[in-house]
Amino acid sequence: MSETVQDKVDFLVIANRLPVDRKVDDDGSVSWKSSPGGLVTALEPVMQRKGGAWIGWHGAPDEVVKPFHHDGYDIHPVPLSAQEVEEYYEGFSNATLWPLYHDCIVEPVFHREWWDAFQKVNKRFAEQAAEQAAEGATVWVQDYQLNLVPKYLREMRPDLRIGFFLHIPFPPIELYSRLPWREELVEGLLGADLIGFQTPGAAANFQRLARHRPGVTAARGRAHTPDGRTVVIRDFPISIDSRGFHELATSEKVKAEAAKLREDLGHPGTIIFGVDRLDYTKGLRQRIRAVGELFKEGKLDPHEVVFLQLATPSRERVEEYKILRDDINLLVGQINSKVGSIANRALVYRNESVPREVLAAMYQMADLMLVTPVRDGMNLVAKEYIACRSNDDSALVLSEFAGAARELKQAYMVNPYDIDGMKATIMKALTDSPKIKARKMRSMRRQVFDKTIDVWADNFLTELEGQ
Ligand code: GDG
């Protein structure tokens, strides 16, 4: 395959961020490294097969970066000014849509300037795609930051097949209706041929909303638009590269890392683990409170049990995230000052991001995994734990408000708002017989190894291209 950027391509992915990170070497030379997430792993082979391109922001405000070829496909960086990052990304995407789509856990902020920037940037992404797409190409738009792209792109290039996948939940109509620009956003999505959601519930919420548009009829997963098009509305639960994670977690290097980590934690009999972006949707406050109380009440012994919570820094310039960071620091301090000792902390809290190998080691060594979001589109952490942890004497405590709860039915389910209920379930998960736990783990493993990220991508693209 040629190393130069192609004029037109048959397959395009549009996402807020590119799948690569810039690396500046000591001599000042610039190179790009794949940022290996599940999405990139799933889509790379498809793009290579079809000769595709990825359109997205490169991460540096006020900088224009030329298109380049990377690992078998083209990269088209979309420039954003510092003000656009503030208004389109931190503002409208992460302080308006993110809380609104997560059931208004925190109050969404509505600013007209943010909305203007959101439209402008979405148009820029659409224009870039319209330029790069060959006649009849397939374009796959990712996530809420690009909610308006399907409509803009359809107007520019009616010949394209346009798919949209929403990685986060879609709220009920009563909450969605608060949005001053609700009509425009629904229209935005209806520009697609296929709109994918994480769960049937999210798809149903959108279908109900679409039905309210003048001239639109929508039923049984299909919306018919006034311009005579049919839009398919369906759930496609996302997954992970299960085998990749499993191989990594069972490699000698990662096993050694796990042994070292366990030693660093003072060789506890039981390790409870949680890992999340530091986000108010992830239920960290409730989870830490529940485990803290179990320690304080003596139901968990800090000489025996350690709770390791990793919270990856996220969206640190958005106000609500600053508040959350301070709250969690305080809560952790309060718990550790009452239980355990300096040498023997009950709660080990790390507000940092770790390399993939270290994360795999943590999954591998965790006897009990806590995944307790108050709202989550899917939650990949739950699936990653199941793929990585090879010991059958293990348990996953999972929030019923995570999309993953629909598939990982054998998990110990909790309502994260019910602190007492969560405490009781954690104790049950720790004390159930090895036989019960093994049965649950095996059943969840079957699910996670059966329904992988490739299956997700194949299902979506087959539906989109087969129409
Ligand atoms: C959105 C939706 C949906 C976390 N800390 C580290 C690290 N991670 C990785 C995990 C996992 C990913 O980040 C987090 O994925 P989640 O699915 O849990 O959550 P969101 O970031 O909110 O993702 C969500 C997802 O999109 C996909 O559609 O499931 O519902 O909200 O992969 O492993 N990775 C490394 N170090 C860390 O410290 N290397």
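Since the model is a prediction, treat every value here as computed from it, not as a measurement. Ligands are counted one by one from 1 in listed order, and the atoms in each one are counted from 1 as well. The figures that follow rest on heavy atoms only: side chains count, while hydrogens, waters and symmetry mates do not.
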For [atom], what's the nearest protein heavy atom and its distance?
atom                    : result
atom 19 (O) of ligand 1 : Lys282 NZ, 3.0 Å
atom 24 (C) of ligand 1 : Asp376 OD1, 3.4 Å
atom 29 (O) of ligand 1 : Asn379 N, 2.9 Å
atom 21 (O) of ligand 1 : Arg277 NE, 2.9 Å
atom 33 (O) of ligand 1 : Glu384 OE1, 2.6 Å

Original post:
Which is closest to atom 27 (C) of ligand 1 by heavy-atom distance: Arg350, His167, Met362?
Top reply: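 Among Arg350, His167, Met362, the closest heavy atom to atom 27 (C) of ligand 1 comes from His167.
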**OP:** Would you tell me which option among Val358, Thr312, Ile453, Leu380 has the nearest heavy-atom contact to atom 18 (O) of ligand 1?
**Re:**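 Going through Val358, Thr312, Ile453, Leu380 one by one, Leu380 has the nearest heavy atom to atom 18 (O) of ligand 1.
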Original post:
Of the non-hydrogen atoms in Tyr412 and Ala395, which two are nearest, and what is the gap between them?
Top reply: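 Closest approach of Tyr412 to Ala395, heavy atoms only: CE1-CB, 3.6 Å.
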**OP:** Say whether, by atom type as modelled, one donor and one acceptor occur between the side chain of Asn351 and the main chain of Ala311 under 3.5 angstrom.
**Re:**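 Present.
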Original post:
Would you find a donor on one side and an acceptor on the other, under 3.5 Å apart, between the side chain of Tyr363 and the backbone of Phe273?
Top reply: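 Looks like no, no N/O pair under 3.5 Å.
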**OP:** Apply the side-chain contact (heavy atoms from CB on, under 4.5 Å) test between Ile272 and each candidate in Leu347, Leu300, Val397, Asp367; give the one that qualifies.
**Re:**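 Among Leu347, Leu300, Val397, Asp367, the one meeting side-chain contact (heavy atoms from CB on, under 4.5 Å) with Ile272 is Leu300.
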Backbone, side chain, both or neither: what part of [X] comes under 4.0 angstrom of ligand 1, heavy atoms only?
X      : value
Ile238 : side chain
Val354 : both
Met378 : both
Val381 : both
Leu39  : neither

Original post:
Within less than 4.0 angstrom of ligand 1, does Trp98 place any heavy atom?
Top reply: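 Right, Trp98 reaches ligand 1.
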Any N/O of [X] closer than 3.5 Å to an N/O of ligand 1?
X      : value
Asp276 : no
His102 : no
Pro355 : no

Hey, is [atom] touched by any protein heavy atom at less than 4.0 Å?
atom                    : value
atom 9 (C) of ligand 1  : no
atom 13 (O) of ligand 1 : no
atom 31 (O) of ligand 1 : yes
atom 2 (C) of ligand 1  : yes

How about [X] and [Y]: are their ring centres within less than 6.0 Å of each other?
X      : Y      : answer
Tyr280 : His102 : no
Tyr88  : Trp114 : no
Trp456 : Trp140 : yes
Trp115 : His111 : no

Subject >> Carboxylate-amine/guanidinium proximity below 4.0 Å for Arg325 and Glu316 >> reply: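 Yes, charged N to carboxylate O under 4.0 Å.
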**OP:** Run the salt-bridge test on Asp450 and Arg445 with the 4.0 Å N-O cut-off and return the result as yes or no.
**Re:**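 A salt bridge is absent here (no side-chain N lies under 4.0 Å from a carboxylate O).
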**OP:** Check each atom of ligand 1 against the heavy atoms of Leu359 and keep those under 4.0 Å away; list them by number with element.
**Re:**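 Selected atoms, number and element: 7 (C), 33 (O), 34 (N), 35 (C).
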Original post:
Between Phe206, Phe170, Phe197, which is the residue that forms a ring pair (Phe, Tyr, Trp, His ring centres under 6.0 Å) with Tyr101?
Top reply: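 Going through the options one by one, the only one that passes is Phe170.
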**OP:** Test Phe118 against every option in Phe92, Phe110, Tyr89 by the ring pair (Phe, Tyr, Trp, His ring centres under 6.0 Å) rule and name the one that passes.
**Re:**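 Of the listed residues Phe92, Phe110, Tyr89, the ring pair (Phe, Tyr, Trp, His ring centres under 6.0 Å) partner of Phe118 is Phe92.
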